[in-house]
Structure formats: C-alpha cells, structure tokens
S.K.: 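Below you'll find the structure I mean.
Treat the numbers as computed from the prediction; the structure is a model and nothing was measured. Numbers here are sequence positions counted from 1.
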Amino acid sequence: MARPLRLQFPGAVYHITARGDRREPIFLNDEDRLRFIDLLSKEVEQQGWLLYAFCLMDNHYHLLLETPQPNLVRGMRRLNGVYTQSFNRAHGLVGHVLQGRYKSILVDKDAYLRELCRYVVLNPMRVKIPLAKSLAYYPWSSYLATAGRMPAPE
C-alpha cells in the first residue's frame, strides 16, 4: 500500500517530529546538535520557512514551523538526508539514523500555535533530562532565544 501524500499548502503550520531508528540517539554529542541546528538554519533560509520553536532531544527532535510556500517535503527531505550523511560520516557509521518518515501534524495557527510552542520547549523537563531542571540551562531548544537569554540561531 502506498504512503499517503503529505498535505502541503502556502501558510501551513506543522509540528514536525523525527525519532532515531530503533529509538537510538540521533545526537551523540554537542557537535551533532550544532551541526543539526546549522543545517536547520540553512534549510529555514533556503525554503523561506518561519521557525516558531524547536527542541533537540537525544533520540528525537521537534520543530514547529510555517511554510509560506508548499515546500515542506523538499526541505525536510534535504534536512534529514544531509543530517544522516553528516552523522554517519562523523561517527564512521552507515545506514539509517532516523526511524521511517518524519511525522508532520498540521496545526491550527490561531488556536494551538502558542500552546505548541510551550509544549515543544518544555519537552526536556517532561522527560526529566538532568540538564533541564530549569530551561535556563538547556541550550538545545528555542527557549533561551525566545526568553532573550541568548541570540537566536541564524
């Protein structure tokens, strides 16, 4: 059975998640996280996306973004593909890093955007990551930039 096509249209807002293959880590160190943020930044700029929130966990990530053009599939294919290649090259591995396709949930911008921004950045506290006892110490989400405690990634 063929996979259903992704719904794409101008101005769509998505909550994107992708998990590590076999729920394994997709970020082994801070260099991996920085590389992912750099690739995400380039893709946001190239595709013209509006990135509202992000959070990198050890074995998955969350993105909350708007696509002014219907180009989610193109950008996500490149982001996940290039990250997989760079992760494998950096760690001397081959094969899948991410489990299947990313999940994209359409979001009602007016009703749920603010709540989802909170949900995304609070994720480290929900799973009790030691570094995230306070979000003020968790550098791998958009919280610190939103709170004005650090510059936003480009």
S.K.: Do the ring centers of Y83 and F27 come within less than 6.0 Å of each other?
M.R.: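 Yes; F27 has its ring centre under 6.0 Å from that of Y83.
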S.K.: Verify whether one side chain among Y143 and R118 offers a donor that lies under 3.5 Å from an acceptor in the other.
M.R.: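 Checked: Y143/R118 side chains show no N/O donor-acceptor pair below 3.5 Å.
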S.K.: Would you give the length of the straight line joining atom CG of L50 to atom CD of E66, rounded to the nearest 0.5 angstrom?
M.R.: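 If I round to the nearest 0.5 Å, the distance is 5.0 Å.
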S.K.: Looking at R35 and A90, what are the two nearest heavy atoms and their distance?
M.R.: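 Shortest heavy-atom separation between R35 and A90 comes out as NH2-CB, 3.5 Å.
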S.K.: Keeping E24 on the side-chain end and N59 on the backbone end, is there a donor-acceptor pair under 3.5 Å?
M.R.: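 No.
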S.K.: Would R33 and D58 count as a salt bridge (charged side-chain N to carboxylate O under 4.0 Å, His left out) here? Give the steps.
M.R.: CA-CA 9 Å; R33 290 175 184 86; D58 288 342; 2.7 Å; yes
S.K.: Verify the neighbour count for atom NE2 of H91: are there more than 12 heavy atoms of other residues, nucleotides or ligands below 6.0 Å?
M.R.: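 It does: H91 NE2 has more than 12 such atoms within range.
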S.K.: Output the distance between atom SG (C55) and atom CG (L64), rounded to the nearest 0.5 Å.
M.R.: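 Here the rounded value is 12.0 Å.
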S.K.: Supply the atom-to-atom distance L106 CG to Y14 OH, rounded to the nearest 0.5 angstrom.
M.R.: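 Going from CG on L106 over to OH on Y14, the span is 5.0 Å.
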S.K.: Taking all non-hydrogen atoms of both residues, which atom of A53 and which atom of V121 are closest, and how far apart?
M.R.: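 The answer is CB-CG1, 4.5 Å.
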S.K.: Quick check on the hydrophobic clustering: are L93 and V82 connected, directly or via other members, by side-chain heavy-atom contacts under 4.5 Å?
M.R.: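 Yes, L93 and V82 fall within the same hydrophobic cluster.
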S.K.: Examine M57 and L63 and state if one hydrophobic cluster contains both, with Ile, Leu, Val, Met, Phe, Trp and Tyr joined whenever side-chain heavy atoms are less than 4.5 Å apart.
M.R.: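 Same hydrophobic cluster.
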S.K.: For F54 together with Y61, are the ring centres under 6.0 Å from each other?
M.R.: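 No, the ring of Y61 stays outside the 6.0 Å limit from the ring of F54, centre to centre.
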S.K.: Considering all heavy atoms of both residues, which atom of R6 and which atom of Y102 are nearest to each other, and what is their separation?
M.R.: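 So the minimum-distance heavy-atom pair works out to NH2-O, 2.5 Å.
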S.K.: To the nearest 0.5 Å, what is the distance between CZ (R89) and OG1 (T84)?
M.R.: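 If we round to the nearest 0.5 Å, R89:CZ and T84:OG1 are 11.0 Å apart.
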S.K.: Any donor and acceptor pair, going by atom type alone, linking the side chain of Q8 with main-chain N or O of L72 inside 3.5 Å?
M.R.: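 Yes, Q8 side chain to L72 backbone: donor-acceptor pair under 3.5 Å.
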S.K.: Does E45 pair with K42 as a salt bridge, N-O distance under 4.0 Å?
M.R.: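 Answer for the salt bridge query: no.
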S.K.: Measure the CG-CD distance between L51 and E43 for me, rounded to the nearest 0.5 Å.
M.R.: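 Here the rounded value is 12.0 Å.
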S.K.: Of all the heavy-atom pairs spanning L98 and I26, show the shortest one and how long it is.
M.R.: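 The pair with the smallest heavy-atom distance is CD2-CG2, 3.8 Å.
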S.K.: Given the rule that I, L, V, M, F, W and Y join up when any side-chain heavy atoms are under 4.5 Å apart, are V44 and L65 in one cluster?
M.R.: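 Yes, one cluster joins them.
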S.K.: When you measure from the side chain of R23 to the backbone N and O of R19, does any donor-acceptor pair fall under 3.5 Å?
M.R.: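 Between the backbone of R19 and the side chain of R23 there is no qualifying donor-acceptor contact (under 3.5 Å).
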S.K.: Do you know the tightest heavy-atom contact between S104 and I16?
M.R.: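 Here S104 and I16 meet closest at CB-CD1, 3.5 Å.
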S.K.: Does atom CZ (R114) have a neighbourhood of more than 12 heavy atoms from anything else shown, all under 6.0 Å?
M.R.: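 Count not over threshold, so no.
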S.K.: Would you check if the side chain of D32 reaches a backbone N or O of L28 as a donor-acceptor pair within less than 3.5 Å?
M.R.: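 It does hold such a pair.
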S.K.: Between T146 and S142 (side chain of the first, backbone of the second, donor and acceptor by atom type, cut-off under 3.5 Å), is there such a pair?
M.R.: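 Indeed, once roles are kept as given, a pair shorter than 3.5 Å links the two residues.
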S.K.: Could you state whether I37 and W49 fall into the same hydrophobic cluster, counting links through intermediate Ile, Leu, Val, Met, Phe, Trp or Tyr residues with side-chain heavy atoms under 4.5 angstrom apart?
M.R.: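 Yes, one cluster joins them.
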S.K.: When you compare the side chains of N71 and Q47, does any donor N or O come within less than 3.5 Å of an acceptor on the partner?
M.R.: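 Short answer, yes.
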